[in-house]
Protein chains: 2
Amino acid sequence: MSEYLQRRLLLMRLIPRQPRKKSAPELYEELTERGIETTQRTVERDLESLSALMPLVRDERSRPYGWSWTTDAPLLDLPAIDPETALTLRVMDAHASALLPPNARHRLIPYMERAETVLEQTVDNVGLRTWPDRVRVLGGGPPLQPPALTPEVFETVQHGVLERRCLDVHYRSRSRGAVTKSYRIHPLALVFREPVSYLVATIGPYRDPRHLALHRILHAELADEPAEDPEGGFDLDAFIAQGAFDYPEGDEVTLQLRLDDGTAFHLSEAPLAGDQSLTPLDDEGCLYELHATVQYTARLRWWLLGLGSAVQVLAPESLRRDIAGEIQRLAELYEVPSSG
Amino acid sequence: MSEYLQRRLLLMRLIPRQPRKKSAPELYEELTERGIETTQRTVERDLESLSALMPLVRDERSRPYGWSWTTDAPLLDLPAIDPETALTLRVMDAHASALLPPNARHRLIPYMERAETVLEQTVDNVGLRTWPDRVRVLGGGPPLQPPALTPEVFETVQHGVLERRCLDVHYRSRSRGAVTKSYRIHPLALVFREPVSYLVATIGPYRDPRHLALHRILHAELADEPAEDPEGGFDLDAFIAQGAFDYPEGDEVTLQLRLDDGTAFHLSEAPLAGDQSLTPLDDEGCLYELHATVQYTARLRWWLLGLGSAVQVLAPESLRRDIAGEIQRLAELYEVPSSG
DNA sequence: GGGGGAGCGACAAAAAACGTCGCATCGCGA
DNA sequence: TCGCGATGCGACGTTTTTTGTCGCTCCCCC
């Protein structure tokens, strides 16, 4: 029966993209491992005939020749991506562009190009070419620009986290001045906080995890030494909860707010919590009271404060005092006249 | 030469995923269109032998049998996704989960599962299985929950936008009460604003574009009538800029802020604009002044206000007055004592 | 009831794919 | 510098698969 197709399909999947490569003997090995009986000669022939059809390249600089897909090889996906999925991918990408450094999205280019092609064809069928004019993502976060990374850094760091290997990095420390230091670090995890991406790692012989902003890593290189977790293991959630990223986990509190009608409407659409309740305070429907059980986090506080006078915090008392104090400081800062 | 592989590969790509289907004669047609000379018999044979290897199904309920991939057919991508890309996809998805309704991401499940598989294998090689514990995305936007959508609505609406066909929708209008109305609408564009997704469309015979929140569309059905743009065309950016989503485009202003050191540090990492400058105001480095050319938007205002007393707006004067006014209202609301 | 399209079994010719062998080449270590 | 082993590759005859064609049957729809 048709060994042919199965073998070539598997073979194509085993070939990596360009910086990496695999030799014919290697590929032969992997094929037999996966239960395909063949000869190395056949594999060689397969590679040759495949390279006539697809963007495969052979690196002949060193003797066991290495095969790989070209960097710009278009994505060939089975089953092919459908227009709806392509659209979803695009929306996700549009959104991620505000969050991830450009280098991080670099790897997704073939996927996005594929999505683009599919969308264009769809639109073409209907006689239009105005696709990109039909979707927008409006960000809700701070209007900041993601910092640029040294091109290779993201890749290398990703590699280190994925393969659990140590990294040698040059790090421009947070303290002022352009002082850079070199460390050998044990990568533990990746954390993305709105525009900035962080690597969590232990540094050199020390055992306490730290976070390094990726854009402050000027150079990174993979070491051979395998990365080790600190004794007792590493719990990323606990690390974040203890406040490492200004995102300390708050206690659960019963939030009580007084809202104007516009804000009440928005919150009825996208609630703060599953148990949220909204009740009008008067007949005209201009004021509402909201109850909800939420986590008290810094993010919540920013958000409430940002809404300004559209929202008044009634409870918990600690949050109310907190915000009132902030307002007092603000009032002094802006020399607002007395509230009588 | 090897027509074989080329033909079967193309054939597989032409087969759609399950709700859709294509018959052997259709597929034969499309193959010849793309320059592959063959007979319909061969296509039939190909389909049969392929279905032994892959999750293809044949719908035999009506006579020109329809072929499709099963809904859960795993993604077979060439070149295969590499661990770094898989990781990036996961990060994007983690982020999108806070923004898109669950139904929207539904289509990406095969992609995410594929990414998951690749990651697990990678981690396996190194003897670990703790992959999901190594990445987190910390949101910066409001801590709201995306509203739930009627399952089919997102798909149908997407379809309408993509193929430019009218939709018949039941819409629960924004005004209070559970009144729903039915309209025939001409879909124009999709807009995503943090937790809520919108469809921009003209309604019935009217010519002015409106936005409909997707979660308030209770039911949607594709109509045969092709969708039409309003006379004079439709410009999504202009529509947004005119304030349709509380995101009116602001004028460019030269922003001047006084910041505490923590905020200054964050802004030095992720600047507000390309031309941003930051200068310390004293020797201890506790106060900084920032200049940047930015768009004056509501989003900027929320964000500045949310930062509280860590930021003082010095210019433009209009923004300063705006914020000072807001603070005065807040001070009255919270009965903050006089600022002297 | 009949016409046409679709699905499918069979067959023989044609075209590959395959394993094997042998030789040339290259890299590495002695 | 020499030699060994691994790798790449051309050639060849056999084997297997593929492919076009024909014809029969079934089913739907007119």
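Chain A is the first sequence line, chain B the second, and so forth, proteins listed ahead of strands; every chain is numbered from 1.
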(message) I want to check something: taking the side chain as every heavy atom from C-beta on, are B:Glu120 and B:Glu116 in contact at a cut-off of under 4.5 Å?
(response)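 Result yes, sub-4.5 Å side-chain heavy-atom pair found.
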(message) Would you say that A:Phe154 contacts A:Pro101 through its side chain, given a criterion of any heavy-atom pair below 4.5 Å between the two side chains?
(response)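 Yes, close enough: below the 4.5 Å cut-off.
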(message) Which label fits B:Tyr111 and A:Tyr111: parallel for a plane angle under 30°, tilted from 30 to 60°, or perpendicular past 60°?
(response)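 The rings of B:Tyr111 and A:Tyr111 stand perpendicular, inter-plane angle above 60°.
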(message) I'd like to know if the side chain of A:Ser49 pairs up with that of A:Arg8 as donor and acceptor (distance under 3.5 Å, no hydrogens or angles considered).
(response) yes
Rounded interatomic separation in angstrom, taking [atom1] from [X] and [atom2] from [N]:
X       : N      : atom1 : atom2 : answer
B:Glu29 : C:dA6  : CD    : P     : 10 Å
A:Gln6  : D:dT17 : CD    : C1'   : 15 Å
A:Glu3  : C:dG19 : CD    : C1'   : 14 Å
B:Leu5  : D:dT17 : CG    : P     : 16 Å

(message) Surrounding CD of B:Glu155 (heavy atoms of other residues, nucleotides or ligands, distance under 6.0 Å), is the total greater than 12?
(response) yes
(message) Around atom NE2 of B:His106, are there more than 12 heavy atoms from other residues, nucleotides or ligands closer than 6.0 Å?
(response)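 No, NE2 of B:His106 has 12 or fewer neighbouring heavy atoms, counting only those of other groups under 6.0 Å.
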(message) Tell me which residues in residues 36-48 of chain A lie within less than 4.0 Å of DNA chain C, going by non-hydrogen atoms.
(response)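 Residues of residues 36-48 of chain A under 4.0 Å from DNA chain C: A:Thr38, A:Thr39, A:Arg41, A:Thr42, A:Arg45.
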(message) Under 4.0 Å, heavy atom to any atom of DNA chain C: which of residues 15-24 of chain A qualify?
(response) none
(request) I would like to know whether A:Thr88 and A:Thr85 meet side-chain hydrogen bond (donor to acceptor under 3.5 Å, both in side chains); could you show each step before the answer? (result) CA-CA 5 Å; A:Thr88 311; A:Thr85 312; 5.8 Å; no
(request) Ignoring backbone atoms, establish whether A:Tyr65 has a side-chain N or O less than 4.0 Å from OP1 or OP2 of D:dG8. (result)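 Checking A:Tyr65 against D:dG8: no side-chain N or O falls below 4.0 Å of OP1 or OP2.
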